[in-house]
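Okay, so here's the structure we're looking at.
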Amino acid sequence: MRATSCWLPLLVLAVSTPLSAQNPLKDEAYLMPPAEIAKLVDAPRQNNSLLSNLSPDGTRFLVSHTGGMPSIADMARPYVNLGGTKIDARARRDRNLSVRGVDSYELVEWRTGKRTPLQVPDKARASGAHWSPDGKRLAYIANFDDRSFAYVADVATGTSKRVGSNPLNAALVTRLQWAGNGALVVVEVPANQGPMPEVPAVPVQPQ
């Protein structure tokens, strides 16, 4: 009863407010919600800065900037569902890395307020930023359209450099890890991995 009474006002608002000029019974297309609902959904929450990703030496924190809600094209990317694990088979990564990501990073020195943009490769969205043990480097995954790579950024300058030549297998391991000696641990796609198996057009057995 408590949950029902909490949601009922929102449901009444959505039903009682008319949808623009579109006719949901006639037009087979995406329908825009009432302006009040759209304003709530499109609120720029991505502009909030959380002071939670602090460097190990306590001098800087990392700010992530995103473009807001994912697009319909991103949500429509093909994926396979393996026992509840959703995989973007084309890019060999978790589907969430294809749908959502970080457009840019910014390093902030909290004592002085100095801000250093962190270079993210063109046509890529970043994810899983992780400080090195000494706080001088940041490792993150750069997710391109069809593959992902490991990148390491220099904290002092913000410049990034790709690590390794092979793309990552980010299906289950979606964050890079630092070893105690400062080495970066990654999971790469095997060099001899073949294409994804195709589903036969005709079933091989009764369904």
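Pro56 and Pro133 get closest at one heavy-atom pair: CB-O, 3.5 Å. The two residues Pro121 and Ala142 come nearest to each other via the heavy atoms CG-CB, 4.1 Å. Listed here is the closest heavy atom pair of Val80 and Ala89: CG2-CB, 4.5 Å. Minimum heavy-atom separation, Asn53 to Ala129: ND2-O, 4.2 Å. For the residue pair Val108 and Val63, the shortest heavy atom distance occurs at CG2-CG2, 4.0 Å. Taking both residues in full, the closest heavy atoms of Ser127 and Leu97 are given as OG-CD2, 3.6 Å, listed atom of the first, atom of the second, then distance.
Between atom OG of residue Ser55 and atom CZ of residue Arg137 there is a gap of 14.5 Å, rounded to the nearest 0.5 Å. With rounding to the nearest 0.5 Å, the separation of CZ in Phe61 from CH2 in Trp110 is 10.5 Å. Distance check, rounded to the nearest 0.5 Å: CZ of Arg60 to OG1 of Thr112 gives 8.5 Å. The distance from atom CZ of Phe144 to atom NZ of Lys123, rounded to the nearest 0.5 Å, is 10.0 Å. Atoms CZ and CG, from Arg147 and Asn169 in turn, are 13.5 Å apart once rounded to the nearest 0.5 Å. In this structure, the separation between OH on Tyr79 and CG on Asn96 is 10.5 Å, given to the nearest 0.5 Å.
Hydrophobic clustering, defined by side-chain heavy atoms of Ile, Leu, Val, Met, Phe, Trp and Tyr closer than 4.5 Å, leaves Val202 isolated from every other such residue.
Side-chain contact between Thr116 and Lys114 is present, with at least one heavy-atom pair separated by less than 4.5 Å. Looking at heavy atoms from C-beta onward, Tyr151 lies out of side-chain contact with Ile141 at the 4.5 angstrom threshold. At least one side-chain heavy atom of Val152 sits less than 4.5 Å from a side-chain heavy atom of Leu184. Between Leu107 and Val155 the shortest side-chain heavy-atom distance falls below 4.5 Å.
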Can you give the donor-acceptor pairs under 3.5 Å from side chains of residues 170-177 to other protein atoms, not counting sequence neighbours?
none

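Side-chain contact annotation: Ser160 with Tyr140, donor-acceptor N/O pair under 3.5 Å present. In the model, Arg93 has a side-chain atom that pairs as donor or acceptor with a side-chain atom of Ser98 under 3.5 Å. Using a 3.5 Å distance cut-off with no hydrogens or angles, the side chains of Ser148 and Asn143 do pair a donor with an acceptor.
Residues Met69 and Val99 do not share a hydrophobic cluster, defined by chaining ILVMFWY side chains whose heavy atoms lie under 4.5 Å apart. Side-chain heavy atoms closer than 4.5 Å link hydrophobic residues (I, L, V, M, F, W, Y) into clusters, and following such links, possibly through other members, connects Val163 to Val186. Clustering ILVMFWY residues whenever any of their side-chain heavy atoms sit less than 4.5 angstrom apart, transitively, puts Leu168 in a cluster other than the one holding Ile87. Linking Ile, Leu, Val, Met, Phe, Trp and Tyr whenever their side-chain heavy atoms come within less than 4.5 Å leaves Val102 and Met75 in two separate clusters. Linking Ile, Leu, Val, Met, Phe, Trp and Tyr residues whenever their side-chain heavy atoms come within less than 4.5 Å places Leu62 and Val120 in a single cluster.
For the pair Trp178 (side chain) and Val185 (backbone), a donor-acceptor distance under 3.5 Å is absent. Using modelled atom types, one side-chain atom of Arg162 and one backbone atom of Gly164 make a donor-acceptor pair closer than 3.5 Å.
Within 6.0 Å of CG on Asp122 lie no more than 12 heavy atoms contributed by other residues, nucleotides or ligands.
Residue pairs meeting the salt bridge (Lys or Arg N to Asp or Glu O under 4.0 Å) criterion with at least one partner in residues 71-91, sequence neighbours excluded, are Asp74-Arg125, Arg77-Asp88, Arg77-Asp145, Arg90-Asp145.
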